Structure formats: C-alpha cells, structure tokens
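Report on the following structure.
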Amino acid sequence: MNIKAPRGTKDILPEEAVSWQNIEKIALELFTSAGVKEIRTPIIEDTNLFERGVGDTTDIVNKEMYTFEKGDRSLTLRPENTAGVVRAYLEHGMFRISPPVKLWYKGPMFRYENPQAGRQRQFHQIGMEIFGEKKPTADAEAISLAVQFLNRLGLNDLTIEINSLGCDECRKKFREKLKFVLKPYLPQLCEDCQTRFEKNPLRILDCKNENCNKIFESISEQKDWNKIDLCPECLDHFNTLKDYLRALDIKYVENPNLVRGLDYYTRTVFEIKSFNLGSQNAVCGGGRYDNLVSLMGGDNTPAVGWAMGVERLNSLLPQKTEELLDYFVVSTDSKEAIKLVNLLRNKGKSAEFDFSGRKFTKQLEKASKVAKKAIILGEDEISNGYLTVKDLSTSEQIKTDINNL
RNA sequence: GCGAGUAUCGUCAAGUGGUUAAGACCUCGGAUUGUGGUUCCGAUAUGCAUGGGUUCGAAUCCCAUUACUCGCCCCA
C-alpha cells in the first residue's frame, strides 16, 4: 500500500497514546476540580466564524485555513477553538448562566502550514475559556490553571511571559504613536512590516527580521516608543494581575514585545515557553479577549482563555509505558478461555487470552510479556473445576477459583 | 511561499560501481506434546522512494519528481 497519512498529519500509535491518555486524564481531573466544564464543538464551522472571530489580518485566516465549499456554504476546518466556543456560548444562551462561565476543550485543529518540528497541519490543543468576568481575577485564574496543569504533568521549568495590550482606546493611541514614529523608517523595513504598517501595526513589534530589529533599536527620538501607554484602568488591571501572580508564587517575565498573532486579544496576553522545544517553543498561548463576544453579535462580554499544543506538551514529557494486564489466560480450550476472560473483565480485571490455541509454551511466553499473572486453564483444571494462577514475576503458582480473583 | 538536508525490511541500520543486498531488534516457527521471561536453531527485501539517464555492469554516479526532516515566516 502506498497511501500514507497526509503531509503534516501523524498517527498516534498505541505506545504514544498512553501519554496522551495521561495528559487528558490530568486535564479532566484539574478542570473538574476547578469547576471548569468540558465543551465539544464541531471540527468544521462556517468560514465566516473564523474570518470574523480570529481576524482577517491574521496569517491563520489569510493563508492557513482548510476551507471548502459544500452546497451554497463555505465551511472551514477549525484552526483554533476559541471562535467555536464563543459561537456555542452565544448559540446556547450561556450568557444567562451566572458568570463566570468556565469551559475547557480538547481536540484536533487544522492549519495549512509547512510542517516542521513542533508544527503539524493537524495538531491538538487543550484549552480553556472564562466568560463574563472583567476583573484580573479571571486572568489570574486562567494563568494559574495553565501553570497547575503543567505542574501536575511534572513540568516546572517553564518561562511565563506576560504583557498587556491595553483596551481599544490604549491600542488606538498606541497604533497612532507607532505609525508616527515608524513612518520615516518605513521604506527600510521588511515587506511584511510594510503591510503590517497599514493593516495591523502592533504586529510590527513581533517582527523577527534582524534588519528591522536593528532599526527598532536605533530609534531613540521618542522614549519607549515601542511600549504601550496604558490608560489608568488598564494599568491597574495589569498591576493587579501581577500582584495576584506573585501571591500565587507564579514567576513571570514581562515581555513588552509579546503580541499574540490573533486579532481578538485585549489587555492581558501571555505565553508559556520551553527551551527544550527548538524554535517552536511556545507550549501555551492565551490572553484576554473582551471584544470577541460582542464582535460575534453577543452582548459585551469580557473573556480570557488559553490553548496548549498537546504534541509540544507531550514532547516535553517522559514517555509513559503501557501497564501490564492483570491476567493472561493460558489454555488450549479457546471457548473456556473466552468465557473466563469475560468473567474476569466483568469483575473489573484486565485480561486477555490466546485466540488461536497455540502451544502451551508460546502462550506462556506471551503471558510473561503482557501480564502480571498467568491463569492456566488446562484439561485438568477444566475437568476438576479450579484455576492455576501463576505470578509471572515470582513464578509462584497457586490453585484457586474465579471467586478469589 | 522561500532555503538546506535525507530517502535501503515493521523498526534501527551496513553498504562509497563488480557475483545470490551485512547485522540487530520486533514478529513467526522449532529445540521443549502442561510451565514463561535466559539460551540455541531456523524463517522473513528478486529488491534499495518513484521515473528517466550514464555504464559491459547502479542501492552506489547524473537529472527530474515525490515524500520526510530541519530552518525562515507564523503559531500551540
């Protein structure tokens, strides 16, 4: 067969799936303990949802979406899940639930990008959103949950970067300031920056182009030209958040250049990075998006959220090994074996048996590889109504019956 | 979209123009007809990503294509 998994997609094989199950189990436990409810939204959504929600100046929407036409509608494989969650929040009237409304999700996302280390076309995210709370308490809770999640997975050495993008007013002023300062340098900046200048000047600060960065450093006529001037409310919001983070003993680094690539962020943005990931070093990204819900036609509803890349997360974790079965039934009588295995499973034990009635030694060899104990069910056992249970690590063997297992 | 590298069994690989393409792991079978995890023996690529070309002769050299990997960009 020469059909392979499509470019940028991967099979998660049983060995690796064990780690995924662990990650998902810990997510479920943590979120449940924090009153965060799970939501599962469709993998396909109306294309307009992302154009409006994610923002049509973003790379994600401009060139990375899997979009197809079906009938008279345009559908898109979700490139992220915040827009979908917001859509469901509005569609099901969750604004009537007493706030804050806390939701989490996990699942595949699709982005048509060039695959490389830590970047696939189908990848998976675990994320959460908090709706209806504008106070920095919600930001702190969101960040705290992300940190706790990583800690529970055994990851303690990650860098948390935070920044505030301000509210609409702050950003409007910031955009004007940036454009004013940068205008004389515009012809020298890279092509991307030139288009960003008109479309989304904030993202110029995200530019990785060396030349651009040199130019930015050389600009000195206006002090802190590349820093946003937060209005008193935004400043207070940001300071309070930092105060909460210190109280939670969460170490953070302020990164004034941190501008997330999605248009919907306001005020708080943050990223959690690892140096063990290569160039795709962000495990978690998120922030506040106070305008998104109203942009999608809802009432003004503040919100914060984040998403983690499960593949990236998994690559940081020591791999879990598969657990051994409780029992492997060794028998030349497949019918008796399958009956016994059913009984064991109904008692909550894990058990397997040999399907093809192979030689006794082969069955036992298999048992020693996959199970803690072997149950020998031969002619003697069947006719006399007992079971021989062999502990495969100690070689101890006892006669017993099903009720004692 | 741009740049670089790689492509030999399920997996890891040796092979650098000359007879039937090493080896290891995994799998399967046997030694061993009711006692395994150790050991020993055996089986398993008419084929080296695909298509062309050079040559008496190609896994090996050349070209193209495809896929993968790694960067840039962007992001999780």
Side-chain angles (χ1 to χ4, degrees), chain A residues 1-10 13 15 54 57-64 79-82 106-127 146 150 190-193 195-196 200 203 206-210 212 258-262 269-274 277-287 305-316 324 328 330-333 354 356 358-382 388-397:
Chain A
M1 184 165 84
N2 53 10
I3 299 174
K4 292 183 180 163
R7 186 164 166 75
T9 69
K10 277 218 168 74
L13 299 171
E15 238 174 87
V54 180
T57 68
T58 61
D59 279 5
I60 292 178
V61 170
N62 274 328
K63 42 188 191 189
E64 296 174 3
E80 56 94 62
N81 207 15
T82 298
K106 60 166 197 258
M109 308 295 158
F110 304 84
R111 263 123 93 160
Y112 189 75
E113 298 183 90
N114 243 330
Q116 59 182 269
R119 195 166 73 192
Q120 293 168 210
R121 291 182 172 180
Q122 175 176 343
F123 63 101
H124 297 75
Q125 288 187 332
I126 290 177
L150 295 166
C190 71
E191 237 178 85
D192 285 339
C193 282
T195 49
R196 285 175 189 139
N200 198 343
R203 294 185 56 213
D206 238 359
C207 187
K208 301 287 192 305
N209 184 301
E210 254 180 63
C212 292
L258 184 66
V259 184
R260 316 230 66 259
L262 292 78
V269 289
F270 65 96
E271 217 166 78
I272 304 179
K273 293 179 178 175
S274 165
L277 278 174
S279 56
Q280 262 62 49
N281 61 1
V283 213
C284 176
W306 50 257
M308 290 196 194
V310 182
E311 282 83 357
R312 290 182 190 180
L313 200 54
N314 191 224
S315 71
L316 293 171
L324 291 175
F328 189 92
V330 172
S331 177
T332 45
D333 189 330
D354 185 86
S356 53
R358 291 190 300 171
K359 278 202 200 169
F360 187 81
T361 49
K362 290 292 173 192
Q363 291 196 30
L364 206 54
E365 187 182 335
K366 168 91 173 180
S368 71
K369 283 175 187 161
V370 302
K372 293 178 211 152
K373 291 178 179 175
I375 298 180
I376 296 161
L377 182 62
E379 282 169 32
D380 198 40
E381 284 84 355
I382 293 167
T388 302
V389 176
K390 176 169 185 137
D391 187 308
L392 290 162
S393 53
T394 63
S395 292
E396 269 175 76
Q397 200 161 301

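Nothing here was measured: the structure is a model prediction, and the numbers come from that model. In what follows, chains carry the letters A, B, and so on, assigned in the order in which the sequence lines appear, proteins first and then strands, with residues in each chain numbered from 1. The basis for the numbers below is simple: all heavy atoms, side chains too, and nothing from hydrogens, waters or symmetry mates.
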Discussion item. If we ignore hydrogens and angles and just use 3.5 Å, is the side chain of A/Q363 paired with the main-chain N or O of A/F360 as donor and acceptor?
Written reply: no
Worksheet item: Think A/Q116 has a side-chain N or O under 4.0 angstrom from the OP1 or OP2 of B/rG71?
Response: yes
Worksheet, complete the sentence: Between A/G309 and A/Y112, the residue closer to the 5' end of RNA chain B by nearest nucleotide is A/Y112
Would you classify [X] as touching base, sugar-phosphate or nothing, given that sugar-phosphate means primed atoms plus P, OP1 and OP2, and contacts are heavy atoms under 4.0 Å?
{"X": "A/T332", "result": "nothing"}
{"X": "A/I126", "result": "nothing"}
{"X": "A/E381", "result": "base"}
{"X": "A/E379", "result": "base"}
{"X": "A/A282", "result": "sugar-phosphate"}
{"X": "A/G378", "result": "base"}
{"X": "A/G127", "result": "nothing"}
{"X": "A/E113", "result": "base"}

Item to complete: Give the nucleotide from the list B/rA76, B/rG71, B/rU35 with an atom nearest to the side chain of A/Q397.
Response: B/rU35
Response to the item:
Winner on side-chain proximity to A/F360, out of B/rG34, B/rC72, B/rG37, is B/rG34
Worksheet item: Residues in side-chain hydrogen bond (donor to acceptor under 3.5 Å, both in side chains) with A/E64, at least two apart?
Response: none
Worksheet entry | Residues which pass side-chain hydrogen bond (donor to acceptor under 3.5 Å, both in side chains) with A/K273, listed by chain and number, not counting sequence neighbours | A/E161
Rounding to an integer number of angstrom, what distance separates [N] and [M] when you compare their [atom1] atoms?
{"N": "B/rA64", "M": "B/rG23", "atom1": "P", "answer": "36 Å"}
{"N": "B/rA14", "M": "B/rA49", "atom1": "P", "answer": "14 Å"}
{"N": "B/rU6", "M": "B/rA24", "atom1": "C1'", "answer": "22 Å"}
{"N": "B/rU19", "M": "B/rC12", "atom1": "C1'", "answer": "28 Å"}
{"N": "B/rC28", "M": "B/rA22", "atom1": "C1'", "answer": "22 Å"}
{"N": "B/rC70", "M": "B/rG18", "atom1": "P", "answer": "34 Å"}
{"N": "B/rU46", "M": "B/rA59", "atom1": "P", "answer": "14 Å"}
{"N": "B/rA13", "M": "B/rA7", "atom1": "C1'", "answer": "13 Å"}

Practice prompt. Find the distance between CD1 (A/I375) and CD (A/E381) and round it off to the nearest 0.5 Å.
Written response: 10.5 Å
Discussion item. Taking donor-acceptor contacts at under 3.5 Å, does the side chain of A/R111 reach the base of B/rC74?
Written reply: no
Practice prompt. Can you check whether any acceptor in the base of B/rG34 is under 3.5 Å from a donor in the side chain of A/D380, or vice versa?
Written response: no
Discussion item. A/M308 vs A/L150, test: side-chain contact (heavy atoms from CB on, under 4.5 Å). Steps then yes/no.
Written reply: CA-CA 10 Å; A/M308 290 196 194; A/L150 295 166; 3.8 Å; yes
What is the pairing partner of [N], taking Watson-Crick or G-U wobble pairs with both distances under 3.5 Å in any strand?
{"N": "B/rC70", "result": "B/rG3"}
{"N": "B/rC40", "result": "B/rG30"}
{"N": "B/rU60", "result": "none"}

Without decimals, in angstroms, what is the distance between [X] [atom1] and [N] [atom2]?
{"X": "A/N114", "N": "B/rG1", "atom1": "CG", "atom2": "P", "value": "7 Å"}
{"X": "A/F270", "N": "B/rA76", "atom1": "CZ", "atom2": "P", "value": "11 Å"}
{"X": "A/R121", "N": "B/rC74", "atom1": "CZ", "atom2": "P", "value": "18 Å"}
{"X": "A/E64", "N": "B/rG1", "atom1": "CD", "atom2": "P", "value": "13 Å"}
{"X": "A/L150", "N": "B/rA76", "atom1": "CG", "atom2": "P", "value": "15 Å"}

Worksheet item: side-chain contact (heavy atoms from CB on, under 4.5 Å) between A/N114 and A/R119: does it pass, once the steps are laid out?
Response: CA-CA 8 Å; A/N114 243 330; A/R119 195 166 73 192; 4.2 Å; yes
Detail all sub-3.5 Å separations between protein N/O atoms and N/O atoms belonging to nucleotides 38-44 of chain B.
none

Write down the protein N/O and nucleotide N/O pairs, taken from nucleotides 65-68 of chain B, whose separation is under 3.5 Å; answer none if there are no such pairs.
unit_1	atom_1	unit_2	atom_2	d
B/rC68	OP2	A/R7	NH1	2.2

Fill in: Partners meeting side-chain contact (heavy atoms from CB on, under 4.5 Å) with A/I382 (sequence neighbours left out)
A/D333, A/E336, A/L377
Worksheet, complete the sentence: Whether each nucleotide of nucleotides 24-30 of chain B has a protein heavy atom under 4.0 Å at its base (B), only at its sugar-phosphate (S) or at neither (-) is summarised, 5' to 3', as ---SSSS
